[in-house]
Amino acid sequence: NINITLGFDVAPPITPPANTDLGVIGNAGDFSFDTIGSDFDTELGLYDANGDLITTNDDLAPGVLQSEILENLDEGMYFIALGGFNTIFGDEFGAEIDTFLGGDGGDYILNIDGAEAASGTLAADSVQWFKVTVVPAPGSAAMLALGGLVAARRRRSSAVSADARSFTSQGVILIFRRPPPIGRGP
């Protein structure tokens, strides 16, 4: 007799930190997140729903202490971490403050695509979290629906091959039954 035991550890899902839900921010595509208008040196981190760090930004340009992230996002849920100078971002929703060198706080403004999405006061040595949702582009949902209509039409056409079919301009299937031959009842 041979006994084989296989074992592996499955990590539990990473729980997102407490956050402010900013809701749906648009269709999949390019987005900008910035802190222009904040009164202190900010840093931003962008995470996917699994807690994986996508990108970070400290200063959006030389001499400009606010932050900006430009990113193309697919549909899904994302998290934004807003911290002060010397925030250290990492995977698994990691965001720590290096309090030895910094940890600024002050009044912040978080803009999404140039429009103010949130504002408030960030305490020194802390991080404010936000959740945003990106939905599918309109064309992708329409293509899925069209694919379903074509599949339904194919299934239906074999079942009603003796019938005449017509489509309206909205794609609705109209079925016209042929009358029974003369002298034969239904």
Side-chain angles (χ1 to χ4, degrees), residues 9-148:
D9 293 330
V10 176
I14 304 295
T15 303
N19 59 74
T20 301
D21 188 348
L22 300 178
V24 174
I25 60 169
N27 298 322
D30 293 330
F31 290 93
S32 69
F33 306 94
D34 70 66
T35 58
I36 296 170
S38 300
D39 70 0
F40 64 104
D41 187 355
T42 62
E43 295 195 25
L44 289 174
L46 178 64
Y47 295 79
D48 67 15
N50 298 318
D52 296 324
L53 181 62
I54 296 171
T55 190
T56 67
N57 182 262
D58 181 1
D59 298 333
L60 71 91
V64 180
L65 300 179
Q66 284 72 46
S67 309
E68 180 179 46
I69 290 176
L70 304 171
E71 194 69 30
N72 185 286
L73 299 177
D74 292 328
E75 67 178 283
M77 191 180 328
Y78 296 90
F79 294 86
I80 303 160
L82 187 153
F85 174 71
N86 274 346
T87 301
I88 302 165
F89 300 102
D91 284 335
E92 297 182 358
F93 295 113
E96 300 176 15
I97 309 299
D98 181 347
T99 56
F100 179 74
L101 296 174
D104 290 351
D107 293 331
Y108 68 83
I109 297 174
L110 176 65
N111 302 300
I112 300 176
D113 290 339
E116 183 177 315
S119 62
T121 301
L122 181 72
D125 303 329
S126 66
V127 175
Q128 175 66 46
W129 289 88
F130 301 94
K131 178 173 75 171
V132 296
T133 303
V134 175
V135 296
S140 62
M143 292 305 289
L144 286 173
L146 181 60

**Item:** Distance-only polar pair, side chains of Thr56 and Glu43, donor-acceptor under 3.5 Å
**Value:** no
**Asked** Any idea which heavy atoms bring Gly114 and Ser32 closest together, and the distance?
**Response** N-OG, 4.0 Å
**Request:** Run the numbers on Ile14 and Asp91 for side-chain contact (heavy atoms from CB on, under 4.5 Å), then give the verdict.
**Result:** CA-CA 10 Å; Ile14 304 295; Asp91 284 335; over 6 Å; no
**Prompt:** Just wondering, do Asp34 and Gln66 contact through their side chains at under 4.5 Å, heavy atoms?
**Reply:** no
**Message:** Around atom CD of Glu96, are there more than 12 heavy atoms from other residues, nucleotides or ligands closer than 6.0 Å?
**Reply:** no
**Request:** Heavy atoms only: give me the nearest Asp48-Ile54 pair and the separation to one decimal.
**Result:** N-CD1, 3.7 Å
**Message:** Measuring from atom CG of Leu53 to atom OH of Tyr47, what distance do you get when rounded to the nearest 0.5 angstrom?
**Reply:** 5.0 Å
**Asked** Could you give the distance from CG (Leu110) to OG (Ser119), rounded to the nearest 0.5 Å?
**Response** 9.5 Å
**Message:** Among Leu82, Thr87, Thr55, Leu60, exactly one meets side chain to side chain contact (heavy atoms under 4.5 Å, CB included) together with Leu44. Which residue is that?
**Reply:** Leu82
**Inter-residue atom distance Asp21.CG - Met77.CE, 0.5 Å rounding** = 8.0 Å
**Asked** Any side-chain heavy atom of Ile69 sitting closer than 4.5 Å to one from Ile80?
**Response** no
**Request:** Could you point out which residue of Trp129, Phe93, Phe130 forms a ring-ring contact (aromatic ring centres under 6.0 Å, His included) with Phe79?
**Result:** Phe93
**Message:** One pair to check against side-chain contact (heavy atoms from CB on, under 4.5 Å): Tyr78 and Ile25. What are the steps and the verdict?
**Reply:** CA-CA 10 Å; Tyr78 296 90; Ile25 60 169; over 6 Å; no
**Request:** For residues Ile109 and Asn111, report the shortest heavy-atom separation together with the two atoms involved.
**Result:** CG2-OD1, 3.4 Å
**Prompt:** Given side chains that start at C-beta, do those of Phe40 and Leu122 come closer than 4.5 Å, heavy atoms only?
**Reply:** yes
**Request:** Grab the two heavy atoms, one from Thr121 and one from Asp107, that are nearest each other, plus how far apart they are.
**Result:** OG1-OD1, 2.7 Å
**Prompt:** CG of Leu65 to OG1 of Thr35: how many Å apart, nearest 0.5 Å?
**Reply:** 9.5 Å
**Request:** Assess whether atom CD of Glu116 is packed by more than 12 heavy atoms of other residues, nucleotides or ligands within 6.0 Å.
**Result:** yes
**Message:** Checking Val24 against Thr133 for the side-chain contact (heavy atoms from CB on, under 4.5 Å) test, could you report, in this order, the C-alpha distance in whole Å, the side-chain angles of both residues, the deciding distance, and whether it holds?
**Reply:** CA-CA 5 Å; Val24 174; Thr133 303; 4.3 Å; yes
**Prompt:** Hey, are the side chains of Ile97 and Val127 touching, using non-hydrogen atoms and a 4.5 Å cut-off?
**Reply:** yes
**Prompt:** Can you name the closest pair of heavy atoms from Asn27 and Pro138 and give their distance?
**Reply:** ND2-CD, 3.4 Å
**Item:** Close side-chain approach of Val132 to Phe31, heavy-atom, < 4.5 Å
**Value:** no
**Message:** Ignoring hydrogens, what is the shortest heavy-atom contact between Pro17 and Asn19? Give both atom names and the distance.
**Reply:** O-ND2, 2.9 Å
